[in-house]
Amino acid sequence: MVSPGIMQQGVLFLHAMALGVVMIFCYDLLRIFRRGVPHGTVWIAMEDMFFWLISAFVLFRLMYEENDGKLRWFVIMGVLVGMILYNVSFSRLVVRFGSFLFCRILRAVRALIRGIVKMLQFLLKPFGKCIQRTGRTGKKSGRYVKKQLKKLYKTVKMGLCKL
């Protein structure tokens, strides 16, 4: 029969392995983000620093809650084993598929934004022609547009008040 203390330490080791898998999976998500949105070494260093600080805090919390804050090297070994097992087995697939999917989503969002900008340009085109017809440039054309919009606003306001 296994003693309860050893059973608790075995469960703690399994929890540490699971934490290692979750930590490296989160780092894979960060790697996917980096492939989709490339940035410089300073930002990468800052992201890594914050990631590992948060990871250290989570590991400390695991040891504090499950082992009364006692430092046990088998917990750290469990985290490393979980990280290594995940990295060897699933990490490459997750990063490849995730990067592919994330880049496709980014491409669709960029196309959507481009479409919205083109639609706004099309809708605002009459205002540009109005300014060109007056022959005014610079401040005067801005004043003219402002005056025309103010007239439109007053007309709409008066129409709403009559209702």
Going only through I, L, V, M, F, W and Y residues with side-chain contacts under 4.5 Å, is there a path from Val37 to Leu29? yes
Any chance you could measure Asp28, atom CG, to Arg34, atom CZ, to the nearest 0.5 Å? 11.0 Å
Please tabulate, for the side chains in residues 12-26, all donor-acceptor contacts under 3.5 angstrom to protein atoms that are two or more places apart in sequence or on a different chain.
residue : atom : partner : partner atom : Å
His15   : ND1  : Glu66   : OE1          : 2.9
His15   : ND1  : Glu66   : OE2          : 2.5

Shortest non-hydrogen separation from Ser99 to Val95 and the atoms involved: OG-O, 2.7 Å
Cluster check Leu85, Val88: I/L/V/M/F/W/Y, side chain < 4.5 angstrom: no
Just say parallel, tilted or perpendicular for the rings of Phe90 and Tyr86, cut-offs at 30° and 60°. tilted
Are side-chain heavy atoms of Phe57 and Ile54 found at a separation under 4.5 Å? no
Separation of Tyr27 OH from Trp52 CH2 (nearest 0.5 Å): 7.0 Å
Please report the shortest heavy-atom distance between Ile32 and Val94, naming the atom on each side. CD1-O, 3.6 Å
So if you build clusters from Ile, Leu, Val, Met, Phe, Trp, Tyr with side-chain heavy-atom gaps below 4.5 Å, do Phe122 and Ile116 land together? no
When you group the ILVMFWY residues by side-chain heavy-atom contacts below 4.5 Å and let the links chain together, are Val79 and Phe74 in the same group? yes
Hey, what do you get for OG1 (Thr155) to NZ (Lys150), rounding to the nearest 0.5 Å? 13.0 Å
Could you state the interatomic distance from CG (Leu106) to CZ (Phe102), rounded to the nearest 0.5 Å? 4.0 Å
Within a radius of less than 6.0 Å around CZ of Phe50, do more than 12 heavy atoms belonging to other residues, nucleotides or ligands occur? no
Heavy-atom closest contact (Cys103 atom, Gly36 atom, distance): SG-CA, 4.0 Å
Is there a path of hydrophobic side-chain contacts, each under 4.5 Å between heavy atoms, that joins Met83 and Ile76? yes
Could you measure the distance from the CZ atom of Phe51 to the CD1 atom of Ile44? Nearest 0.5 Å is fine. 14.5 Å
